[in-house]
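The block underneath contains the structure these notes are about, expressed in structure tokens.
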Amino acid sequence: MAEILPETEALDRALQLLRAGEAIAIPTETVYGLAADATNGEAVARIFEAKRRPRFNPLIAHVSGLEMAERHAVFDPLSRRLAQHFWPGPLTLVLPLRPDSAVHPLVTAGLDTLALRCPRGFASRLIAALGHPLAAPSANSSGRVSATTAAHVEAGMGERIPLIVDGGPTPVGLESTIVKVEGEALRLLRPGGVAAEEIEAVAGRPVTRADGGAIEAPGMMRSHYAPNARLRLDATDVRPGEALLAFGPVRARGAGDAVATVNLSPDGDLREAAAQLFAALQELDATGAASIAAEPVPMDGLGEAINDRLDRAAAPRDNAGGRP
Ligand code: TXA
Ligand code: MG
């Protein structure tokens with residue numbers, strides 16, 4: 001059962017757990033977040049495990065300020081102006097990921113963009129003390145409403161995390177607004193805690209919404225990494241010219257002839273496999289092999305999310321669904 005500490009007493013304990021690779025619940029001004037060190041893949045995998053999230057959606061990386069943010073993403077002038085005006089606060093910016101960023105690919109779901117936000121209060125002090133961004137989705141079980149009190153977090157996932165930092169009810173109570181600058185356009189990916197009109201006033205231009213007002217950010221096919229190679233799922237053999245995405249101690253037939261092999265987890269550990277997944281797909285894709293044979297991954301625990309990602313990466317694509 002999670003320990004619950006008031007935020008005035010929680011900083012040292014929270015830091016200790018984050019440095020040990022744990023995921024903990026923390027208050028932000030919008031909703032409670034389930035936070036882990038964004039540079040530690042296994043720690044980030046624990047987030048998906050605790051949320052029982054059957055998919056690896058890209059997560060927001062929370063920073064202590066603009067300086068930390070610029071170490072991980074490339075800011076255009078308009079994004080920088082929005083950050084200077086709205087941070088700390090409920091605005092998330094999607095920006096090109098810097099190639100030298102230490103943020104783990106599980107945070108971006110393998111994308112070449114990164115969602116960044118600087119929260120207020122305890123979260124920001126914690127991030128500054130850690131010195132790394134915190135990946136944090138809302139601290140609710142997948143498919144449930146976002147938690148706005150420590151009690152709500154406890155009821156939803158108290159048995160699966162070691163610490164809940166209690167900062168009282170969150171003042172905004174609604175997730176952050178997500179925007180992305182694309183050339184001259186400023187696109188609204190998710191409405192949230194900052195009104196579009198406030199953003200337009202600072203930006204000096206209108207925000208554009210997806211056709212029909214659809215919310216574009218969550219789980220969109222197009223926002224997910226897809227390899228150039230064809231992916232052949234549940235492979236029990238390796239065919240000529242194929243690369244091999246292996247899992248566990250037992251190899252598919254013909255594995256010795258694979259043009260390249262990456263094992264997600266030789267011991268069959270699903271948390272390790274989740275942490276390796278996007279980097280492994282990218283590494284095998286970079287060999288130029290036309291097809292990647294993927295060994296079966298069990299469906300229990302994080303296996304469901306791993307298989308969901310593999311299914312999406314294997315799905316036939318139209319023009320909108322290719323590599324971002
Ligand atoms: O207020 C909030 O934003 C809260 C607190 C904890 O900060 N966090 C939150 O995270 O709502 P989550 O994981 O529930 O939602 C993050 C959203 C998802 O819809 C995801 O698709 C989108 O951000 N997202 C993350 N990275 C993205 C990217 N590179 N491009 C487009 N959308 C992205
Ligand atoms: Mg959420």
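Note that ligands are numbered from 1 as they come in the structure, with each ligand's atoms numbered from 1 the same way.
Residue K180 places every heavy atom at 4.0 Å or more from ligand 1. Residue I60 places a heavy atom under 4.0 Å from ligand 1. The closest approach between L111 and ligand 1 falls below 4.0 Å for a heavy atom of the residue.
Remark: E295 engages R251 in a salt bridge, criterion side-chain N to carboxylate O under 4.0 Å. Looking at E29 and R117, a side-chain N of the basic residue comes within less than 4.0 Å of a carboxylate O on the acidic one, giving a salt bridge. One finds no salt bridge joining R271 and D269 here, because no Lys/Arg side-chain nitrogen approaches an Asp/Glu carboxylate oxygen to under 4.0 Å.
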Using distance only, find each side-chain donor-acceptor pair of residues 85-94 under 3.5 Å and give its atom names and separation, not counting sequence neighbours.
unit_1	atom_1	unit_2	atom_2	d
W87	NE1	L91	O	2.9
T92	OG1	S176	OG	2.7

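Heavy-atom contacts of G33 reach the following atoms of ligand 1: 6 (C) (cutoff under 4.0 Å). Close contacts of ligand 1 with A136, meaning ligand atoms under 4.0 Å from a residue heavy atom, involve 6 (C), 8 (N), 10 (O). When each atom of ligand 1 is checked for a heavy atom of A115 under 4.0 Å away, the hits are 25 (C), 26 (N), 27 (C). Annotation for ligand 1: atoms under 4.0 Å from non-hydrogen atoms of T113 are 28 (C), 29 (N), 30 (N). For ligand 1, the atoms lying closer than 4.0 Å to a non-hydrogen atom of I178 are 17 (C), 22 (C), 23 (O).
Considering both main-chain and side-chain atoms, T92 never comes within under 3.5 Å of ligand 1 through any nitrogen or oxygen pair. No N or O atom of T28 sits closer than 3.5 Å to an N or O atom of ligand 1.
Side chain to side chain, Q16 and R13 meet the donor-acceptor criterion of an N or O pair below 3.5 Å.
In terms of the side-chain hydrogen bond (donor to acceptor under 3.5 Å, both in side chains) criterion, T149 has no residue partners (sequence neighbours excluded).
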